[in-house]
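What follows is a set of notes on a single structure, which appears directly below.
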Amino acid sequence: MTLPDGASRVYDAGVTGFEIAKDISSSLAKISIAIRINGELCDLSLPITQDSDIAIVTRKDDEALEMIRHDCAHVMAEAVQNLFPGTQVTIGPNIENGFFYDFARNEPFSTDDFEAIEKEMRKIVERNSQFVREVWDRDEAIAYFRGKGENYKAELIEDLPESESIKIYRQGEWLDLCRGPHMQSTKQVGTAFKLLKVAGAYWRGDSSKAMLTRIYGTAWRSDDELKEYLHQLDEAEKRDHRKLGNEMDLYHFQPEAQGSVFWHPKGYVIYNALEQYIRRRVNDAGYKEIKTPQLIDNKLWEASGHWGKYRENMFVVPDEIPSVDDDGPVVSEHAFEKLMALKPMNCPAHVQVFKQGITSYRDLPIRLAEFGCCHRNEAHGALHGLMRVRQMTQDDAHIFCTEDQITDESVAFCGLIKDVYSDLGFDDVRIVLALRPESRAGSDEVWDKAEDGLRQALIKAGLEFEEEEGEGAFYGPKIEYHIRDAIGRSWQCGTLQLDFVLPERLDAHYIGEDGNKHRPVMLHRAILGTLERFIGIMIENYAGKLPLWLAPVQCVVATITASADDYARDIYEQLKAAGIRAELDIRNEKINYKVREHSVGKVPNLFVVGAREAEEKTVAIRRLGSQAQDVKSFDEALAEIVDEAKAPF
RNA sequence: GCCGCGGUAGCUCAGUGGUAGAGCGCGUCAUUGGUAAUGACGAGGUCGAGAGUUCAAUUCUCUCUCGUGGCACCA
């Protein structure tokens, strides 16, 4: 056996990892939980029959967390079956920071059951049952699980490839089908686990199949790690844009317009600042901004293919003046013969703009940008604050170009998007090339060409990317830009999609050098994705403390005594005149009160003025997140804040 | 859309089979204070909607609706 440090040891064939660990040192044996044999993670109890490179895995190793969580899922499954006989087990994989297990039970679980389940889990851990691995005959295994009424498990075994042996892990009386590996005993799961939530989940992720009950849990090496993780969850909750949006008075939602934002003055400041910034960016990058209709006749959606592929997400309205008769139908029986739809995407409308007049190859590329307001009939359960809405504004644009120009345009876009994300505070960007989905328009040849076009552009731009099958849009492959926020979450925002289909379907063409008609290629692209969602991401990323140029209120002038009111009013007016979003707080309140209120309100700059400042024409600046009082002349402070409040572009 | 959990004052939430409470916020008054909550008083609620059970429902049951955690879908 060759150890990680290169040393080798000799054992009889059939020696187990545990025996080796014990042989190396008894203290190692105590903390060992698994073994890597030629790189593969295995049970310590597995007999080793050949010369191998081995490494004993202990609780301290990276793999330990995964094993603890997976074993914890088994412990939870047993606990649930002990407490709720008749519950069927299904699958229970690890996920980021924890695990879940899906159960089939007529009566779903509730979080009220957690206490009892956790208590039972602790008993099983304390029981210190060995995890024992067995290999069963396939048919016997199926018969066994069927006999126990475990139909889901039986189905899982039936679907395992013939080449796969059927592995069963026992822990005391209880057993489960499992690929393994497992630690030595339930005791090694430890005590640092907690059940977090219950949720419905479809069997095999298929909405036509049965709804199971999923229990989510988390497990860690130590109670301290668990505590730390729970603390992180609390912190993430504090950043929730729905909570902050409410506290900062940015926007609201109400049932009469579910999924659509009512922007309040302060929220709309952010919205406008961001829109203006993007407008300057795309103008600079050679785009022309346009605005296209909201409500468009169905004929165009049929021609574009949206009616066929996207209908279930569209709001469709009859093109008829409703009846004014109180008793009669609001629309006639013929209403549905002529339909219009609120646009769910801007692309067909942009093709219409492109198609006006005759375009020469000399005009290409043509880049049409729109802050396009789109409506999508999202499922009720999908709606989530600003992150998932029914009315959204995309920072959309379509580039019409020749095939030869695809690479240059794509490379240019990659540069633009990188600059924008960097300006907005996101430097960790993951790029995914999403390939053809099952339901799609266009021939395989066209898809081959489109996928390769984007791939080549990414290579030329020198960017690292991953490819994902089946994730593309129905009309073309796409590059997805995923940004990572301050607390490590990933969001898909920007996208670049190559489309040979739509220009064809909507018959767009340009006149080439040869004097003949040619089909342009269309690049769909967005940087923020949608303004709504991006603002939600920004709020959470900055925990509400937005960069100065986006802050709804950039400066509050707060007085200590009424004797400074006139001076405060004067400098407030000067700040406003200089373009600073300032507020004046001359309320009859103590300065402590004002400082607290504006700190909680995430105001970046507080200019505090009392009699002394009024006398000396200074301000005492208090910055958000700092206790320091920086006293300087107002003129200097004004120049500084004006400079600092400039947008990055 | 599916499964679970919720909806009580502007906000955050407590509570009860006999038509309601706290803190913050809001209003009035006093206080003019030096960097994260000054004090007193006051106003404010058909307890999400509808139906049922009951002498009596905010409370129990059902339906609907909206929100929420997931699933499915997705920017």
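Given the structure is predicted, the values throughout are model-derived calculations rather than measurements. Scope of the values below: all heavy atoms of this structure, side chains included, with no hydrogens, waters or symmetry mates. Chain letters run A, B, ... following the sequence lines, proteins first and then strands; every chain starts at 1.
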By nearest atom, which of the nucleotides [options] is closest to the [X] side chain?
X        : options             : result
A:Arg376 : B:A72, B:A75, B:A36 : B:A75
A:Arg214 : B:G34, B:G4, B:C71  : B:C71
A:Arg388 : B:U35, B:C74, B:G1  : B:C74
A:His384 : B:G69, B:U32, B:A36 : B:G69
A:Val595 : B:C11, B:U35, B:A75 : B:U35
A:Met392 : B:A36, B:A75, B:U32 : B:A75
A:Lys197 : B:G4, B:C3, B:G69   : B:G69

Using a heavy-atom cut-off of 4.0 Å across all strands, would you classify [X] as base, sugar-phosphate, or nothing?
X        : answer
A:Phe534 : nothing
A:Ala558 : nothing
A:Ala199 : base

OP1 or OP2 of [N] less than 4.0 angstrom from a side-chain nitrogen or oxygen of [X], does that happen here?
X        : N     : result
A:Arg242 : B:U68 : yes
A:Tyr593 : B:G34 : no
A:Asn246 : B:C11 : no
A:Lys478 : B:A75 : yes
A:Gln258 : B:G67 : yes

Spacing of the [atom1] atoms in [M] and [N] (rounded, Å):
N     : M     : atom1 : answer
B:A14 : B:C71 : C1'   : 33 Å
B:G48 : B:C5  : C1'   : 16 Å
B:G42 : B:C47 : C1'   : 23 Å

Relative to the 5' end of RNA chain B, which residue comes earlier, A:His380 or A:Pro255, by the nucleotide with the nearest heavy atom?
->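 In this pair, the answer is A:His380.
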
Along RNA chain B (nearest heavy atom to each residue), the more 5'-positioned of A:Gly259 and A:Ala628 =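 Of the two residues, A:Ala628 wins.
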
Can A:Asn346 and A:His398 be counted as having a side-chain donor-acceptor contact under 3.5 angstrom?
->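 No donor-acceptor contact under 3.5 Å links the two side chains.
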
Donor on one side chain, acceptor on other, A:Tyr277 and A:Asp423, under 3.5 Å =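 Yes, A:Asp423 and A:Tyr277 have a side-chain donor paired with an acceptor closer than 3.5 Å.
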
Pick one: which of A:Arg242, A:Lys243, A:His241 meets side-chain hydrogen bond (donor to acceptor under 3.5 Å, both in side chains) with A:Glu540?
->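 Of all the options given, the one that passes is A:His241.
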
For a side-chain hydrogen bond (donor to acceptor under 3.5 Å, both in side chains) with A:Gln81, tell me which candidate from A:Glu120, A:Glu150, A:Arg105, A:Gln88 qualifies.
->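 Result for side-chain hydrogen bond (donor to acceptor under 3.5 Å, both in side chains) with A:Gln81: A:Glu150.
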
Looking at A:Phe84 versus A:Phe103, is the centre-to-centre ring distance below 6.0 Å?
->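 No, ring centres 6.0 Å or more apart.
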
Record whether the side chain of A:Glu480 comes under 3.5 Å of the base of B:A75 through a donor-acceptor pair of N or O atoms.
->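 A donor-acceptor contact between them is absent.
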
